[in-house]
Amino acid sequence: MRKRIIAGNWKMYKKMGEAKAFIAEVKGRLPITAKVEMVICPPSPYLSELVNESEGTSLKIGAQTMHDVEEGAFTGEVSPSMLADMNVEYVILGHSERRQYFNETDESVNKKVHAAFAHQLTPIVCVGESLEEREEGKTVERVSSQVEKAFNGISADQAKAAIIAYEPIWAIGTGKTATSEDANEVCKEIRQEISKLYDESTAAAVRIQYGGSVKPENIAELLSMEHIDGALVGGASLVADSFLKLVELAANE
Ligand SMILES: O=C(CO)COP(=O)(O)O
């Protein structure tokens with residue numbers, strides 16, 4: 001049985017006070033369960049503070065992106081060793097917004113996956129097709145190729161510890177969710193790709209999240225699907241009550 005993982009991607013939202021208030025509000029109300037990992041990925045200026053604020057709770061903190069090298073003249077960037085130094089445990093890599101607005105490519109994502117493992121960070125590797133690709137029937141081809149490139153040179157043991165987030169671009173922030181059957185079908189193809197790249201036991205271990213307009217009203221149905229092990233949540237993770245509802249439902253379903 002794969003452990004579920006609900007991760008909130010706060011994107012570029014909240015001020016420090018609001019971020020701290022969120023942690024204070026969920027602290028003590030998180031379900032006590034070994035069934036679900038709970039992660040919040042705040043904007044990078046709040047990482048260190050939120051790691052401290054959530055200490056002693058089951059809530060883990062992740063970053064939304066990082067550079068792939070230790071240090072250097074890369075103005076504005078955050079390095080993997082800085083994240084590790086702050087006791088950040090997860091990092092989202094290759095989110096479609098990073099690919100679209102910040103020129104991330106399958107190759108740069110691959111370098112970052114290597115860097116994450118080199119610093120004991122758990123990567124949440126995002127893949128997903130555009131509406132155009134879906135309409136042209138290219139979803140599986142696109143997503144499988146993103147997975148293959150992201151995992152290039154990654155060992156089976158590392159792949160087992162990785163998390164893949166399937167986020168169809170057309171479902172992000174639009175209120176349109178893929179049907180749970182469609183989402184499950186693509187997650188199944190992703191698992192098959194991992195099996196092709198590695199073996200069945202690696203494919204059985206890797207955790208796959210669905211992302212795109214996930215909310216308390218649709219999470220149970222998504223999580224009831226065989227190949228969906230959790231969710232990467234944007235908007236609905238910004239409100240403490242709704243994040244709590246999501247993790248409770250994941251713990252109870
Ligand atoms: O991009 C997402 C999470 O990474 C999804 O965002 P929404 O849940 O707001 O659609």
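As the structure lists them, so they are numbered: ligands from 1, and atoms in each ligand from 1.
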Q: Would you tell me whether H95 and Q64 have side-chain atoms, one donor and one acceptor, within less than 3.5 Å of each other?
A: no
Q: Which of the numbered atoms in ligand 1 are under 4.0 angstrom from any heavy atom belonging to L232?
A: 3 (C), 4 (O)
Q: The test is ring-ring contact (aromatic ring centres under 6.0 Å, His included); show your working for F22 and W10 and say whether it passes.
A: CA-CA 11 Å; F22 177 101; W10 280 0; 4.8 Å; yes
Q: Could you establish whether G211 and ligand 1 come within less than 4.0 Å of each other, counting only heavy atoms on the residue side?
A: no
Q: What atoms of ligand 1 come closer than 4.0 angstrom to any heavy atom of A171?
A: 10 (O)
Q: Of the backbone atoms (N, CA, C, O) and the side-chain heavy atoms from C-beta on, which set of I172 has a member under 4.0 Å from an atom of ligand 1: side chain, backbone, both, or neither?
A: both
Q: May I ask you to identify the nearest protein heavy atom to atom 9 (O) of ligand 1, giving residue, atom name and distance to one decimal place in Å?
A: G235 N, 2.9 Å
Q: Give the atoms of ligand 1, by number and element, whose distance to some non-hydrogen atom of S213 is under 4.0 Å.
A: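 So the answer, numbered in order with elements, is 7 (P), 8 (O), 10 (O).
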Q: Quick check: is V186 connected to V127 through a chain of hydrophobic side chains (ILVMFWY, heavy atoms under 4.5 Å apart)?
A: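 Yes, it is one cluster - the side chains of V127 and V186 are joined through contacts under 4.5 Å.
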Q: Is it true that K11 lies under 4.0 Å from ligand 1, counting heavy atoms only?
A: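 Within the 4.0 Å threshold, so yes.
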Q: Answer yes or no: does an N/O atom from G173 fall short of 3.5 Å to an N/O atom of ligand 1?
A: yes
Q: Taking atom types as modelled, is there a side-chain donor on H227 or E189 under 3.5 Å from an acceptor on the other?
A: no
Q: Could a heavy atom of A236 be found less than 4.0 Å from some atom of ligand 1?
A: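 A236 does not count as a contact of ligand 1 under the 4.0 Å cut-off.
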Q: Any side-chain donor-acceptor pair under 3.5 Å between S180 and E221?
A: yes
Q: Would you mind checking which non-hydrogen protein atom is closest to atom 3 (C) of ligand 1, with the distance to 0.1 Å?
A: E167 OE2, 2.9 Å
Q: Do you know which two heavy atoms are closest between A162 and F117, and how far apart they sit?
A: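 Taking every non-hydrogen atom into account, CB-CZ, 4.0 Å.
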Q: List ligand 1 atoms under 4.0 Å from N9, heavy atoms only on the residue side.
A: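 Listed by number with element, the hits are 3 (C), 4 (O).
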Q: Would you say E97 and ligand 1 have an N/O pair spaced under 3.5 Å apart?
A: no
Q: V206, V140: one ILVMFWY side-chain cluster at the under-4.5 Å cut-off?
A: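 Each belongs to a different hydrophobic cluster.
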Q: So which of S96, A165, G175, G234 gets nearest to atom 5 (C) of ligand 1, if we judge by its closest heavy atom?
A: G234
Q: Applying side chain to side chain contact (heavy atoms under 4.5 Å, CB included), run through R191 and D229 and close with a yes or a no.
A: CA-CA 11 Å; R191 210 176 288 289; D229 306 311; 2.8 Å; yes
